[in-house]
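So the structure is just underneath, and the comments pick up after that.
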Amino acid sequence: RIERALAAVGTARSAGEAYHWYQGTDPLIRKQLSMMSALRQGMVSGEVKLMYQPKLSLAHDRIEDAEALMRWFHPTDGFISPDEFIPLAESTGVVRELTHFALRTALADCAKWHAAGLSMRAAVNLSAADIASPGFSDLVDHLLTEYGVAPSSLALEITESAIIRSPAIAIATLTALRERGIRLSVDDYGT
């Protein structure tokens with residue numbers, strides 16, 4: 001029954017509707033739900049990892065940021081592209097779990113970098129669901145405290161669509177994050 005409800009929710013989100021009725025078994029939906037279950041397990045088992053892309057500051061001629069890029073290495077299917085699993089995670093709500101995983105991992109890595117004498121900021125991508133989630137800025141505060149990382153050592157990257165989808169909520173959340181000293185940037189600008 002949960003599978004049917006998730007299928008209906010996924011269909012409604014894809015169609016931009018507030019609700020949808022379950023209309024029978026769809027093999028594609030079963031495959032997608034199975035993939036999301038495997039993704040959740042992959043975050044626990046170490047199949048899902050963050051890789052970092054350095055960002056060079058032209059003004060200072062040095063690497064100041066490292067953008068966290070999520071990668072999934074499935075034990076039987078091999079590398080699964082983020083283009084395949086992230087949109088599906090967004091449509092099923094699993095993206096919040098991915099964001100929590102990314103924030104925890106990036107902040108733990110950032111704390112290690114600082115302990116080793118590297119002064120770098122970790123940049124993490126957010127989805128529209130993250131920005132619209134009540135208490136998201138409090139979650140970020142909690143994680144910064146848990147890992148002992150200063151807010152200035154975290155950059156959050158958002159897409160234009162995340163702001164456009166729900167501007168009032170997005171602006172309130174982003175303002176709260178910015179007031180805490182977290183750097184914000186627009187990712188995929190112009191897409």
Side-chain angles (χ1 to χ4, degrees), residues 6 8-20 36 39 43 48 50 52-60 63-70 82-83 85-111 113-114 119-191:
L6 287 172
V9 166
T11 302
R13 284 184 180 160
S14 296
E17 299 172 350
Y19 59 90
H20 195 82
M36 289 301 93
L39 179 60
M43 284 186 278
V48 177
L50 292 186
Y52 293 95
Q53 177 177 318
K55 296 175 121 183
L56 176 68
S57 167
L58 296 176
H60 301 111
I63 295 172
E64 294 182 346
D65 291 17
E67 181 177 0
L69 303 173
M70 191 156 305
D83 291 339
F85 69 86
I86 290 181
L88 186 55
E90 287 178 338
S91 70
T92 60
V94 176
V95 73
R96 288 184 185 153
E97 295 171 54
L98 282 178
T99 300
H100 292 184
F101 171 82
L103 283 169
R104 284 185 174 284
T105 305
L107 290 173
D109 290 342
C110 195
W113 299 337
H114 292 172
S119 178
M120 284 202 323
R121 185 180 303 120
V124 177
N125 291 301
L126 299 182
S127 76
D130 298 319
I131 295 170
S133 177
F136 180 74
S137 58
D138 293 333
L139 168 73
V140 173
D141 271 346
H142 171 77
L143 293 174
L144 286 166
T145 301
E146 181 180 338
Y147 290 98
V149 174
S152 60
S153 296
L154 178 64
L156 298 176
E157 298 188 354
I158 53 172
T159 59
E160 292 170 305
S161 61
I163 300 170
I164 294 167
R165 181 187 282 179
S166 184
I169 294 171
I171 289 169
T173 300
L174 296 173
T175 299
L177 291 167
R178 184 67 186 136
E179 287 173 351
R180 289 166 167 83
I182 296 167
R183 183 175 178 190
L184 303 172
S185 66
V186 177
D187 193 33
D188 298 331
Y189 183 76
T191 59

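For reference, positions follow the sequence shown, starting with 1. From a predicted model like this one, the values you see are computed outputs, not experimental measurements.
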Checklist entry - With a 4.5 Å limit on heavy-atom distance, are the side chains of Met120 and Tyr52 in contact? => result no
Item to check | Separation of Met70 CE from Asn125 CG (nearest 0.5 Å) | outcome: 9.0 Å
Next on the checklist: For residues 125-135, which residue pairs pass the salt bridge (charged side-chain N to carboxylate O under 4.0 Å, His left out) check, not counting sequence neighbours?
Outcome noted: none
Next on the checklist: For Phe136 and Leu177: C-alpha separation, side-chain torsions, deciding distance, then whether side chain to side chain contact (heavy atoms under 4.5 Å, CB included) applies.
Outcome noted: CA-CA 9 Å; Phe136 180 74; Leu177 291 167; 4.2 Å; yes
Checklist outcome for this item: Output for pair (Thr105 OG1, Leu98 CG), nearest 0.5 Å, gives 10.5 Å
Next on the checklist: To the closest 0.5 Å, what do you measure between CZ (Arg180) and CG (Leu154)?
Outcome noted: 12.0 Å
Item to check | Nearest heavy atoms of His114 and Ser119, plus distance in Å | outcome: CD2-CA, 4.3 Å
Item to check | Distance in Å, Ser153 OG paired with Asp65 CG, rounded so as to fall on 0.5 Å steps | outcome: 10.0 Å
Checklist entry - How far apart are the C-alpha atoms of Ile158 and Leu184, what are their side-chain angles, what is the distance that settles it, and do they pass the side chain to side chain contact (heavy atoms under 4.5 Å, CB included) test? => result CA-CA 8 Å; Ile158 53 172; Leu184 303 172; 5.7 Å; no
Checklist entry - Can we say Glu64 and Arg183 salt-bridge, meaning some charged N sits less than 4.0 Å from an Asp/Glu carboxylate O? => result no
Item to check | Name of the residue among Leu103, Leu107, Thr173, Thr99 meeting side-chain contact (heavy atoms from CB on, under 4.5 Å) with Val140 | outcome: Leu103
Item to check | Smallest separation among heavy atoms of Ile169 and Ala132, with atom names | outcome: CG2-CA, 3.6 Å
Item to check | Distance, nearest 0.5 Å, that separates CG of Leu88 from CG of Leu39 | outcome: 8.5 Å
Checklist outcome for this item: Here the pair of heavy atoms bringing Ala68 nearest to Leu50 is CB-CD1, 3.9 Å
Item to check | Heavy-atom side-chain contact between Arg121 and Lys55 under 4.5 Å | outcome: no
Checklist outcome for this item: In this structure, CD1 of Ile131 is separated from CG of Leu126 (nearest 0.5 Å) by 5.5 Å
Item to check | Check: Thr175 side chain, Ile171 main-chain N or O, donor-acceptor pair, under 3.5 Å | outcome: yes
Checklist entry - Taking all atoms of both residues into account, what is the closest heavy-atom pair of Pro82 and Pro87, and its distance? => result O-CD, 3.4 Å
